[in-house]
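These values consider heavy atoms only, across backbone and side chains, with no hydrogens, waters or symmetry-generated copies. Just so it is clear, the structure is predicted and the values come from calculations on it, not from any experiment.
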Amino acid sequence: MKRTDAPLAFAITSKGDDTSNALAQKMKTYLLDFNLRYDEEAPDLIISVGGDGTLLYAFHRYCHRLDKTAFVGIHTGHLGFYADWVPEEIEKLVIAIAKTPYQVVEYPLLEVTIRYLNGGGEAKYLALNECTVKCVSGTLVMDVEIRGDLFERFRGDGLCISTPTGSTAYNKALGGAILHPSLEAIQVTEMASINNRVFRTIGSPLVLPAHHTCLLKPVNNVDFQITIDHLSLLHKEVKSIQCRVADEKVRFARFRPFPFWRRVRDSFIAD
């Protein structure tokens, strides 16, 4: 539960369209009227107004203080997995934020460490949804190691490594499983793998627990297009790409129950 004697510090991120901007401004005005404190540098609570992409942006903006900041989302478009509230409920949400101690739920993240050839060091990223790996041109050829043992040599369009919360995003479109976000796991899903008499991959998504690390090792020295959620990055001279459940977690502020499986049903199969 979150509440101290000090006024709650909040910040708001908006999708940027007129509807979201107007709603964000209204939320800010209401919360300031309740003597809460607006602080974009060190907020206790981030209110995301827009869609899942808006919350992904907010996550990456504040990923340096995940242990101190919680997120809550208002969706101004289609129903999102990270947005629990609709515009018609903002007065109810404002009162809940101002007056009600909220529950914090924590979900696992994906840690991606890219190491480079010739002493080029490494780059480390956190993903809320997924990381994808593709060649800039041609087929991706990558040795996949799990817990230090070679599992397979993958050939195909690419690989997607997702979090449980990201399992309903690109991973689902690739035929991956939907995982409950409380599971401490990552999922590795193939993109159009090559399977014939010569080449063979597992052909099924792999769900790895927190103590299993997946290491991708390029067979050829080529350039890679690597995405971390919505960020697309070109990487050269890649030695390996390590994927594991991160030590850090994302924290969401819950002011009311919103069961995950109800959210799945409403997003994909409800009328």
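Here the side chain of Arg200 pairs no donor or acceptor atom with the backbone of Glu152 at under 3.5 angstrom. Within the 3.5 Å criterion, the main-chain N or O of Tyr116 finds no donor-acceptor partner in the side chain of Glu237. With Thr163 contributing its side chain and Asn129 its backbone, the two residues share a donor-acceptor pair below 3.5 Å. Formation of a donor-acceptor pair under 3.5 Å by the Gln187 side chain with backbone atoms of Ala177 is found in this model. Formation of a donor-acceptor pair under 3.5 Å by the Thr69 side chain with backbone atoms of Pro43 is found in this model. Remark: side-chain polar atoms of Asp223 are not paired, donor with acceptor, to backbone N or O of Lys236 under 3.5 angstrom. Remark: side-chain polar atoms of Thr29 are paired, donor with acceptor, to backbone N or O of Gln25 under 3.5 angstrom. Listed for the Asp39 side chain is a donor-acceptor partner under 3.5 Å among the backbone atoms of Glu41. The closest donor-acceptor contact from the side chain of Thr165 to the backbone of Leu128 lies under 3.5 Å.
Figure legend: cation-pi geometry between Lys99 and Phe34 absent, as NZ or CZ is not positioned both under 6.0 Å from the six-membered ring centre and within 45° of its axis.
Contact between Lys239 and Pro218 at its shortest, heavy atoms only, is O-CD, 3.3 Å. Smallest separation of non-hydrogen atoms from Pro181 and Pro108: O-CD, 3.0 Å. Taking every heavy atom of both residues into account, Lys134 and Leu140 meet most closely at C-CD1, 4.3 Å. The nearest pair of heavy atoms linking Cys243 to Ile186 is O-CD1, 3.8 Å. Here the closest non-hydrogen pair linking Leu66 and Cys63 is CG-O, 3.4 Å. Minimum heavy-atom separation, Glu130 to Ala127: O-CB, 3.7 Å.
Listed by chain and residue number, nothing satisfies the ring pair (Phe, Tyr, Trp, His ring centres under 6.0 Å) test with Phe151 (two or more places apart in sequence, or in another chain). Remark: Phe260 pairs with His180 by the ring pair (Phe, Tyr, Trp, His ring centres under 6.0 Å) rule, at least two apart or across chains. Under the ring pair (Phe, Tyr, Trp, His ring centres under 6.0 Å) criterion, His64 pairs with no residue at all, not counting sequence neighbours.
Leu36 and Leu32 end up in the same hydrophobic cluster when Ile, Leu, Val, Met, Phe, Trp and Tyr side chains are linked at under 4.5 Å. Ile202 and Phe199 are assigned to two separate hydrophobic clusters, defined by single-linkage of ILVMFWY side chains at heavy-atom distances under 4.5 Å. Tracing side-chain contacts under 4.5 Å through hydrophobic residues (I, L, V, M, F, W, Y), one never reaches Tyr170 starting from Leu208; they form parts of separate clusters. With hydrophobic clusters built from ILVMFWY side chains whose heavy atoms lie under 4.5 angstrom apart, Phe154 does not share a cluster with Leu150. Following chains of ILVMFWY side-chain contacts shorter than 4.5 Å, one cannot reach Val238 starting from Val141, and the two form parts of different hydrophobic clusters.
Considering SG of Cys131 and CD of Glu111, their distance stands at 11.5 Å, rounded to 0.5 Å. Atom CD1 in Ile95 sits 10.5 Å away from atom CD1 in Ile90 (nearest 0.5 Å). A distance of 9.5 Å separates CD in Glu184 from CG in Leu109, rounded to the nearest 0.5 Å. Here the straight-line distance linking atom CZ of Phe255 with atom CD of Glu89 works out to 12.5 Å at 0.5 Å rounding. Distance CZ/Phe59 to OG/Ser48: 13.0 Å, rounded to 0.5 Å. Gln242 CD to Cys214 SG: the interatomic distance, rounded to the nearest 0.5 Å, is 9.5 Å.
Taking a 6.0 Å sphere around NZ of Lys249, one finds it holds more than 12 heavy atoms contributed by other residues, nucleotides or ligands. Residue Tyr57 qualifies as open at atom OH: its count of foreign heavy atoms under 6.0 Å is 12 or below. Within 6.0 Å of atom CG in Asn221, more than 12 heavy atoms from other residues, nucleotides or ligands are found, so the atom counts as buried in its surroundings.
Thr54 and Thr13 share no donor-acceptor pair across their side chains, judged by distance under 3.5 Å alone.
Ring orientation note: the planes of Phe81 and Phe268 are tilted relative to one another, at an angle of 30° to 60°.
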_Working note: Leu206 + Val144, criterion side-chain contact (heavy atoms from CB on, under 4.5 Å); need CA distance, chi angles, decisive distance, verdict._
CA-CA 11 Å; Leu206 303 174; Val144 179; 5.5 Å; no
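No side-chain heavy atom of Leu126 sits less than 4.5 Å from a side-chain heavy atom of Leu110. Side-chain contact between Val136 and Val222 is absent, with no heavy-atom pair separated by less than 4.5 Å.
For the pair Arg256 and Asp84, the salt-bridge criterion is not met [side-chain N within less than 4.0 Å of a carboxylate O].
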